[in-house]
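Since the structure is predicted, the reported quantities are computational estimates derived from the model, not experimental observations.
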Amino acid sequence: MMTVRALIFVFCILFSNSIFSQNTQIVYLSGTDAAHTVDWDFYCTDGQNSGEWTKIPVPSNWELQGFGTYNYGHDWKKANIKLGKEHGLYKHEFEIPASWKGKTVNIVFDGSMTDTEVKINGKLAGEIHQGAFYRFKYDISKLLKYGKTNLLEVDVAKHSSNESVNQAERQADFWIFGGIFRPVFLEVLPGSHIKRAAIDAKADGSFKSFIELNGPGLGYSVAVQLFDLEGNQMGQTIRDKIEDGNVEKWISGKFENVKSWNPEWPNLYDMKISLKKGEEVLHETTERIGFRTVELREHDGFYVNGEKVVFKGVNRHSFWPETGRCLSEEHHLTDIRLIKEMNMNAVRCSHYVPDKRFLELCDSLGLFVLDEVTGWQNSYDTIVGPKRVKETILKDENHPSVVIWNHGNEGGWDFANEKGFHEYDIQKRPVIYPWLLRNGADTHHYPAYNYAIGRYINGNDPFMAAELLHGLYDGGLGAGLEEYWKKYQSSPLHAGGFLWVLADEAVLRTDLEGTVYDGDGNHAPDGILGPHREKEGSFYTVKEIWSPVQVKPVTINRRWNGKLFLENKFIFTNLKDCSFEWKAIKTGFDKTENEITGKGTCQSPFTEPGETAAIKVNFGKALQKADLLLFTANDPHGNELYTWSWPVIQTDEKAAELIKMIAGNPSEIEVSESEKAVTVSIPGLEVSLSKMNGTLLSVKNRKGVVSFTGGPVPAGGNTEITDLQWSKEPSKNFTFEITTNNYPEKIKWTLEKNGLLLLEASPLQNELRDIDFFGISFNYPEEKCKGIKWMGRGPYRVWKNRIKGSNMGVWDKTYNNTVTGESFNNLVYPEFKGYHGDLYWAIMQTTESDFTIISETPHLYFQLFKPEKPKHLAGGTHPPFPEGDISFLYEIPAIGTKFKQAEALGPGSSKGYFRGHKGDEGYPIKVWFDFRSKE
């Protein structure tokens, strides 16, 4: 390890100028992130692998390295669970060159959980730091042995001696870890240096900066230069004198021709601030900044660069299953890319201050950030709290992405501590209280749909739910979002919302046998993504609903005029800077690939944010042979915003085409009867129907039994059989008709001489209220199903209130038993089981014999088995399913959230209501089956 340490030391000395500034040296004593660590000596006082000195990688959370005790934040109130209060003792030796004598050397900790005592060569570096998520530093210049080896000793207490810290951080709804989980480094500065450079850079190119020195001087001045990211200086150097004896200086000016920063165009610059004495440069520091103006206008909204902002955001924990809250560059990049892929423009750092690197990447890739001082549902006291507020601002004040400060969460604040934000933040960013109407913004959490209308839509203040549509298991998030968003947008006070939460927080348990990922029951599996960022169905729903390009509703068929109407929902981008392309596709279940009948690009319309414009798709004759049209919008940087798809052909038209293609040669049908069954057969196929109720008793083909039986059984109503009739005239098809006293009044089986079996169930001709589903069901053994290929909406399952995000196409997926948000050791997406939308056809792939289903009914839902019920069910997160394994349905249920039944999420999430009349030319459930063996 001495060799590794020496290499890191040399590397940092040689390249520190490019890391931070011209003459500030940064020397890492630890590694830089979770992927690049350095082993230190370590002793854990209790729990796993305690009681002996060993090694631990730094940075890390010690539980994930096999030490100490795992606890979730709710464990403090559970008498049967041990609350780990271990200490971690660290030792690390490091070299200090003699040439550093006379300089200021700070030791900096970017994050340590939680009370942290630091000694250098046996002497305390300063007061014990309390609070887990904050950067803190000590000037250790007088404690160092120059030209010699020095000893760093750190005592980290997992729980604080200050009870308010435990209540704010440790008694929270997230995993509680211990350890030095962010980097530790030396900051080496000249004797006279800039201690702080706070910058307020406005959208018009003007700026002001507050400069704080480490001590007074004579004849000092300060110079400010601006450079683009290619190193070209922008404008002239701005200079000003510092009054003799002063340690503070305000300097201001304006740079022309700068481009402002926003998430759509994240333009950045380097501002170099130099401390000089005469012509001698004493110290230089460079801050990467963006020019932008942030305002919260009373009774109006949030404005950035003069434009009203709608935050489309998500809450994010800093978390990875194998490393806890110690993250790598790739972890940060993965999260930001996925957030932006969902067309989000904002992230709330719940419920603590994030890594410095995360904010740097939000600056450069483009995300609004709500930066949050910890306090889950209890606050820091007025001793610790002001210190943590100050540390938050001093670390994060110059990031253009940080546009709002959050002061705690759901009661996790002491209002007396708010003054620290206003004292230290020279930008005077808004300070909000997630959960409250306070400081001019209403951020109430998890509003029911009707409650939101009363409190938000009819309110008097800008509103954005800081936590919205709780995503436990497969509930919430995309489900219900469309209706909420449409209603919110009807108000000029709409400022956005933040979904709860980005990813399931399931941690790898090193204290249990095998590979166990633990979400602490239903406390942590709330994500749009799985713990390793596996995409759940809501990912694509959010992506479509929040796309900054929206396509107005349109019917597309072969007589379509080619016009699409696009709404520009960007804040800062004209659609002329976007690109658009289309593709027409012919599908078929015997082809491995779809046939492209035409494709092209469209002229981008000049359309300002908030405007709607027509765009022309010049498809020529491409739709005459196509089944589907796909239309893609790309942002100015080449990223796909969304791809919409529409069927060009009706279900009955596609069915006729496919039936003609697969129908066999006509064969004479034979009929036989037993006491309980009518059996009909042609060469290679035998079908038996019950004389009692007309249900399918058995199917056999040349390979043997096909276990598709037990239907049709009405789903969603009580029905009695009133009549059964069957017939087979010479040279005709066989028919079996069932008459009932309820829906469906008529059911008819037809075995055609070409080998295809047709089922037709008459449409509803009375009234059904408050239903979860209705249609017809069959049985098939789940264990015999290998997969499915189908044309319809996919590839993910749908709920009644989560149709968007599922696109028309031909999809293929193998059987899996994923329980969303629970089966972490075997998460396979898309989930196999559940409801699927707009069925055209399906090929069931089985261990017995594949069989084909073809629908003639438009907008027919297709139930494919029943997802298992999660073990820790809560709220409305497990909707009902009809009896049977495979169902064809007009109606399916909505899904709720952890805290809400589905009906509370708006009219589109309520139970179904259907009514028919005698004489309606409705749409019967008309489904063809091909059970013949293909071999």
Please check if the distance between the ring centroids of Tyr540 and Tyr796 is under 6.0 Å. yes
When you measure from the side chain of Gln550 to the backbone of Glu544, do you find a donor-acceptor pair of N or O atoms at a distance under 3.5 Å? yes
Got a donor-acceptor contact below 3.5 angstrom from the Asn594 side chain to the Thr587 backbone? no
Above 12 or not: heavy atoms from other molecules or residues under 6.0 Å from CG of Asn561? yes
Assess, by modelled atom type and distance only, whether the side chains of Thr651 and Glu856 contain a donor and an acceptor separated by less than 3.5 Å. no
Decide whether a cation-pi geometry holds between Arg348 and Phe498; the criteria are a distance under 6.0 Å from NZ or CZ to the six-membered ring centre and an angle within 45° of the ring axis. no
We want to know whether Arg292 and Asn305 form a side-chain donor-acceptor pair, criterion being a heavy-atom distance below 3.5 angstrom. no
By side chain to side chain donor-acceptor pair (under 3.5 Å) - contacts of Asn262 (at least two apart): none
Within the supplied structure, the quantity of interest is the number of heavy atoms (other residues, nucleotides, ligands) at a distance under 6.0 Å from Lys833 NZ; does it exceed 12? yes
Close aromatic pair by centroid cut-off 6.0 Å: Phe888 and Phe862: yes
Stepwise, does the side chain to side chain contact (heavy atoms under 4.5 Å, CB included) test hold for Val258 with Tyr269? CA-CA 9 Å; Val258 299; Tyr269 296 89; 3.9 Å; yes
What are the two closest non-hydrogen atoms of Ala761 and Tyr890, and how far apart are they? O-OH, 4.4 Å
Can you establish whether the number of heavy atoms outside Lys259 located under 6.0 Å from its atom NZ is more than 12? no
Taking atom types as modelled, find out whether Tyr829 and Glu534 have a side-chain donor-acceptor pair closer than 3.5 angstrom. no
Can you sort out the partners of Ser645 under side-chain contact (heavy atoms from CB on, under 4.5 Å), two or more places apart, ordered by chain and number? Leu630, Asn807, Met808
Between Arg316 and Phe358, is NZ or CZ placed under 6.0 angstrom from the six-membered ring centre and within 45° of the ring axis? yes
Is the closest side-chain donor-acceptor distance between Asp474 and Thr820 under 3.5 Å? no
Is the shortest heavy-atom distance from the side chain of Lys926 to the side chain of Leu759 under 4.5 Å? no
Aromatic contact between Phe311 and Phe368, with the criterion being ring centroids under 6.0 Å apart: yes or no? yes
Please verify the inter-ring angle class for Phe931 with Phe851; under 30° counts as parallel, over 60° as perpendicular, anything in between as tilted. tilted
Tell me whether Lys599 at atom NZ has more than 12 heavy atoms from other residues, nucleotides or ligands lying less than 6.0 Å away. no
Give the ring-plane orientation class for Tyr488 versus Tyr456, where under 30° counts as parallel, over 60° as perpendicular and anything between as tilted. perpendicular
Just checking, is any N or O donor in the side chain of Ser762 or Gln765 under 3.5 Å from an acceptor N or O on the other one? no
Evaluate the ring planes of Trp265 and His637, with Trp represented by its six-membered ring, and classify them as parallel (under 30°), tilted (30 to 60°) or perpendicular (over 60°). perpendicular
Side chain to side chain, Thr555 and Trp560, heavy atoms closer than 4.5 Å: no
Taking Lys654 first and then Glu657, would you say they form a salt bridge - that is, a charged N and a carboxylate O separated by under 4.0 Å? yes
Suppose we call two aromatic rings close when their centres sit under 6.0 Å apart. Are His494 and Trp485 close by that rule? yes
Side-chain donor-acceptor pair under 3.5 Å between Asp363 and Ser401, yes or no? yes
